[in-house]
Amino acid sequence: MRGNRWRTIRGLATAAILGAGVSLVALPGPASAGTPVIDRPRCTGYVGLTFDDGPTPGNTPALLKALKAAGLRATMFNVGQNVQANPQLAKDQVAAGMWIGNHSWDHPYMTRLGAEEQAAQISRTQDAVKAATGITPQLFRPPYLDTDDALRAVERQYGLTEVNADVDSQDWNNATAAQIVASARKLQAGDVILMHDWPAATVEAVPRIAADLRRRGLCAGMISPDTGRAVAPRDVLAQAHTAGRVQDLGTSVRYTWPGVSFEGRFRGTGVGIVLNDAVNDYDVQVDGAAPVTLRTPGRTTYWMSGLRDGTHTVRVAKRTESPWQPGEFGGFVAAPGGRVLDGPAPRARQIEFIGDSWTAGYGNMSTVRDCGATGGVNPNSNADQTFGALTARGLNADYQLTAWSGMGMVRNYNGGNPGTTFRTSYDRTLQAADPEVWQRPRGWQPQLVVVGLGINDFSTALNPGEPWADLDALAADYRTAYLGFLDTLRARYGKSTYIVLTYPTMSNTTALADSVQQVVRQRNSQGDGRVKALHYDNAALGLDLLGCDWHPSLHDHKALAGALGSFIATLPLRW
């Protein structure tokens, strides 16, 4: 194995726990419980291809090119200092569909170190991988396969499963490509082979390894963090339907926007929900029953069990906002003897709701405006019960809640965070957490977009030093920006999508109402007749604004959904 080399992988220890509600119980963790079973008749078994010591310039790109050409996925056990020095190469590994594991910081003999030094080797690498890729490794391979019980105890502190090897390719010992292929031929279903990122002979051997695996009916699989054995890859978006904006990592997805939900189907008596999120709250429903709320679940698998044996549906929805901190969903897991089925088909009707705290559901479950005594905003928020979510479900439509509390079209609440507005982050997959631009899936083409931006622009008086001389100047800037934002939406979704600009009654000014109406008139006069305005009349709707900090309550969101639904019914939508 070569001194001064290193490796890394991603982590999400799954721990079943007890909960409340519809038979939320912990199940034991058998070997099959950590990985959903999805029919892949082409494969009679799975093997784990692993490559240590990357990422390194020149070597890693060549290896990734060979693996992609051969249609293979592998686990890259990266060295922490290599990741820190070459973060883009680590991102390239993930983009190529590879899994990432931890191989220590600088490749020492781990058993010769004290517990604190071992912890530092592991934790620094975990941090480097997460900083570069957003992924927290779940697997650890000790350098030189040098391990003992004390080291494994330290690994467990970081939620890591140790992975050694059933087959050693000897590529580190100058094995030829033919010898590496011969070693790989020894692999049986579930086995893991040790290879490295840097030998040229290894890259040369990749296509021949792929051909041999095909002849034997074997496929390249992922390494289960429960068992350390090779299993079928878990493709989250194959088993879970979502219309939300997510960053696809293959075996998991990340997200920040509120209201992201995942729907699945399974056969059996129970289902686990794999999560890695210590910030957000979630609602989980099986067969449409009353939801079970998971409060900041952390890194775990939550089980819904005790169901009749049969085919069931499951839905998990993110309740809260986290613009700076992505949540992570790792898919559904069937209880022993069960099976995760393909996710439900997308709905024909699609709606995007764009807005601020009203759209996000800020404090909407509260019945008092001061939420300090009832846990604060997050425990009192539920994006799955907003007017947007309620409207979409009433129409059997898929939807996105692209919303961010406190953000405005040109000015945020009380002039905060100048230079950054809703528009500067609208195109992102992960809001403030990552500047990566969201790539619209081919199937996402909403027939309706509902926009509610402007409350934060006008709800507070201008402060000294802000760039507008007066309210008229702010309103003029707002209108110009809104027209530009509509151009963005038209470029993304085309001319056929209806766009509804909503605005509530504001007690301090009519600037918002006047500006929205002017924007609509201008678009209509330019031939864009599918831009409409909808006024939410607070008094007529009976809004009590008893949510946190004078926000709409659940009662109000139902009233808003009713008003919006009635308005949508007047539109000649072809859906």
Side-chain angles (χ1 to χ4, degrees), residues 1-16 28-31 33-35 47-54 74-84 99-130 135-173 175 183 186-188 190-198 221-231 299-300:
M1 270 151 283
R2 192 169 175 182
N4 270 344
R5 290 281 177 178
W6 328 268
R7 32 268 180 165
T8 305
I9 191 169
R10 70 159 277 144
L12 243 156
T14 54
T35 303
V47 298
L49 307 179
T50 69
F51 296 88
D52 292 5
D53 296 352
T75 300
M76 320 302 280
F77 282 101
N78 288 335
V79 174
Q81 66 179 12
N82 282 359
V83 173
Q84 186 178 74
W99 299 284
I100 308 297
N102 186 322
H103 194 46
S104 81
W105 179 256
D106 58 9
H107 208 277
Y109 284 94
M110 295 289 285
T111 62
R112 300 178 185 177
L113 304 179
E116 289 187 6
E117 293 174 296
Q118 292 174 341
Q121 287 280 333
I122 290 172
S123 63
R124 291 180 71 188
T125 304
Q126 294 289 88
D127 293 343
V129 173
K130 185 172 184 179
I135 292 171
T136 303
Q138 293 177 264
L139 307 178
F140 178 76
R141 171 167 283 157
Y144 312 104
L145 305 184
D146 172 44
T147 189
D148 58 21
D149 289 342
L151 174 59
R152 283 187 283 270
V154 175
E155 295 164 6
R156 286 192 294 272
Q157 294 174 17
Y158 293 89
L160 291 165
T161 296
E162 187 175 282
V163 178
N164 285 299
D166 300 288
V167 176
D168 183 350
S169 71
Q170 292 285 307
D171 64 347
W172 55 274
N173 196 26
S183 294
K186 300 174 186 176
L187 288 168
Q188 302 297 317
D191 284 352
V192 174
I193 184 171
L194 169 67
M195 294 180 283
H196 290 79
D197 173 270
W198 45 270
M222 63 178 281
I223 299 175
S224 167
D226 295 313
T227 66
R229 305 292 291 164
V231 296
R299 184 182 301 161
T300 190

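Just so you know, these numbers come straight off a predicted model, no measurement behind them.
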Task: Verdict with reasoning, D149 to R152, per salt bridge (charged side-chain N to carboxylate O under 4.0 Å, His left out) - done: CA-CA 5 Å; D149 289 342; R152 283 187 283 270; 2.7 Å; yes
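- Between N164 atom CG and D146 atom CG the span is 10.0 Å, to the nearest 0.5 Å.
- Atoms CG and CG, on L49 and L187 in that order, are 7.0 Å from each other to the nearest 0.5 Å.
- Judged by distance alone, with hydrogens and angles left aside, the side-chain atoms of D171 form no donor-acceptor pair with the main-chain N or O of M195 at under 3.5 Å.
- Residue Q121 holds its CD atom at 4.5 Å from CG of D106, rounded to the nearest 0.5 Å.
- One distance of note links CG of L151 with CD of E162; it measures 6.0 Å at 0.5 Å rounding.
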Task: side chain to side chain donor-acceptor pair (under 3.5 Å) evaluation trace for Q170 with N173 - done: CA-CA 5 Å; Q170 292 285 307; N173 196 26; 3.2 Å; yes
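- For the atom pair E155 CD and T147 OG1, the distance stands at 5.0 Å (nearest 0.5 Å).
- Between the side chain of D197 and the main chain of F51, no donor-acceptor pair closer than 3.5 Å is present.
- Rounded to the nearest 0.5 angstrom, R124 CZ and S104 OG are separated by 10.5 Å.
- When the side-chain contact (heavy atoms from CB on, under 4.5 Å) test is applied to A128, the partners found at least two apart in sequence or on another chain are V83, W105.
- With sequence neighbours left out, D166 forms a salt bridge (Lys or Arg N to Asp or Glu O under 4.0 Å) with R229.
- A donor-acceptor pair under 3.5 Å is absent between the side-chain atoms of T161 and the main chain of L139, judged by distance alone.
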